Amino acid sequence: VDEPYATSVQTTRFDLSVISFERARRVTFEFLYNEALFDRWQIDQLAQQFVHFLCEALADPERPIARIPMIAGDERQRLLVAWNRTPGAVPDTTIPALFEALVDRSPEATALVLGDERLGYRELDERANRIAWALRERGIGPEAIVGIALERSFDLVAAMLGVAKAGGAWVPLDPQLPAARLDYMAGVARPRVIIASAATAGKLPPGPATVFDMGDPSLERLAPSPKEAGLSTASPCVILFHVKHFRPRYWYDLSVLTY
């Protein structure tokens, strides 16, 4: 990549723009970027990858674009091998068991911070246990799917743990997503229960799932102690959707992560 040089273009309407023009019988590319979003090293790296991509394309014009590497061999080695040497023993246990062991060791330590608010491990565990009991009362057990439609909050994390403690698998239903996308995700995942709040319940698509409101006062009357869920490390834990094609109907690949 050539050294930077002065340009007459100082502003752009976009966070990142690439301008190409012929200069001294060479094609030159200018990268204009929002300094509030990008650091210089990121743009340098992007420019190097872009040039590498173009060189690879010119070297083999018949090769499909999907098969042209974006990064050079030495960078690929660094990303996939050198920086990925993270071998270690994986305990043969589940997420709830690991979390409960942490609660036993440091019950009063801070688990979550949201603005000026803090929540300790014991409080988070008790909140998750109550959610687990409420889900078990609604038929949630091993391999049952629960949707979570909550905004970022302590309750969001407690709900994830609560689903795990009940034995179920949770699927995130971001209330900020378009209604058509939420409808598609709920239709594919088919959750039995959807955990929501007063602010998000109205954004959920209609369907057969039971909606459990985190503001339900009966939640505080449930036991704060854990309940054995009968989980194994092979039990489904999280169901995620990955956008595959952007179409009016939306099309997704679905991934299932186990405990």
Side-chain angles (χ1 to χ4, degrees), residues 1-61 63-88 90 95 102 109-119 124 148 150-157 160 171-178 181-182 185 238-247 250-255 257:
V1 179
D2 290 340
E3 291 297 317
Y5 61 89
T7 174
S8 59
V9 181
Q10 300 295 330
T11 61
T12 176
R13 292 182 298 172
F14 306 100
D15 291 327
L16 176 62
S17 297
V18 181
I19 302 173
S20 65
F21 53 90
E22 190 171 347
R23 178 170 174 261
R25 301 188 66 181
R26 300 177 63 186
V27 176
T28 301
F29 295 92
E30 279 188 355
F31 288 74
L32 306 177
Y33 61 96
N34 184 343
E35 292 181 322
L37 297 178
F38 299 100
D39 293 326
R40 174 57 192 268
W41 69 267
Q42 293 174 307
I43 299 301
D44 287 342
Q45 185 180 61
L46 179 63
Q48 291 168 4
Q49 293 172 348
F50 182 61
V51 170
H52 174 77
F53 176 84
L54 293 178
C55 291
E56 290 285 331
L58 291 172
D60 186 2
R63 183 165 34 168
I65 290 179
R67 295 182 182 177
I68 300 175
M70 289 290 296
I71 57 178
D74 56 345
E75 185 178 1
R76 180 180 295 275
Q77 177 74 11
R78 183 169 63 252
L79 292 174
L80 300 182
V81 179
W83 290 355
N84 201 34
R85 292 193 180 104
T86 56
V90 178
I95 291 174
L102 183 57
T110 299
L112 300 174
V113 177
L114 182 64
D116 295 330
E117 298 181 82
R118 295 176 181 271
L119 190 69
L124 176 59
I148 297 181
L150 295 172
E151 297 172 334
R152 184 173 296 184
S153 61
F154 292 156
D155 282 343
L156 174 60
V157 179
M160 296 177 190
V171 56
L173 299 174
D174 187 344
Q176 300 301 318
L177 291 176
R181 194 178 307 184
L182 285 174
M185 294 167 69
V238 184
I239 296 175
L240 300 175
F241 288 83
H242 307 279
V243 177
K244 188 174 182 181
H245 297 294
F246 235 19
R247 298 175 179 173
Y250 301 104
W251 187 259
Y252 296 84
D253 281 339
L254 184 146
S255 297
L257 307 181

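Not measured: the values here are computed from a predicted model. All values below come from the heavy atoms of this structure, side chains included, with hydrogens, waters and symmetry mates left out.
L80 CG: more than 12 foreign heavy atoms inside a 6.0 Å radius. Atom CZ of R63 has more than 12 neighbouring heavy atoms from other residues, nucleotides or ligands inside a 6.0 Å radius.
For the 3.5 Å distance criterion, the side chains of E75 and Q48 fail to qualify, holding no donor opposite an acceptor.
Residues L114 and R152 share a closest heavy-atom pair of CD2-O, 4.3 Å. The two residues R40 and Y33 make their nearest non-hydrogen contact at CD-OH, 3.6 Å. Shortest non-hydrogen contact noted between A111 and L124 is CB-CD2, 4.0 Å. Heavy-atom minimum distance, L182 versus L177: CD1-O, 3.9 Å. For the pair T110 and L112, the tightest heavy-atom approach, listed with the atom from each and the gap, is CG2-O, 3.6 Å. When all heavy atoms of D15 and F38 are compared, the pair lying nearest together is O-CE1, 3.7 Å.
Considering only heavy atoms from C-beta on, V171 comes within 4.5 Å of F241 through its side chain. At least one side-chain heavy atom of L16 sits under 4.5 Å from a side-chain heavy atom of L46.
Between the side chain of D39 and the backbone N or O of W41, no donor-acceptor pair lies under 3.5 Å.
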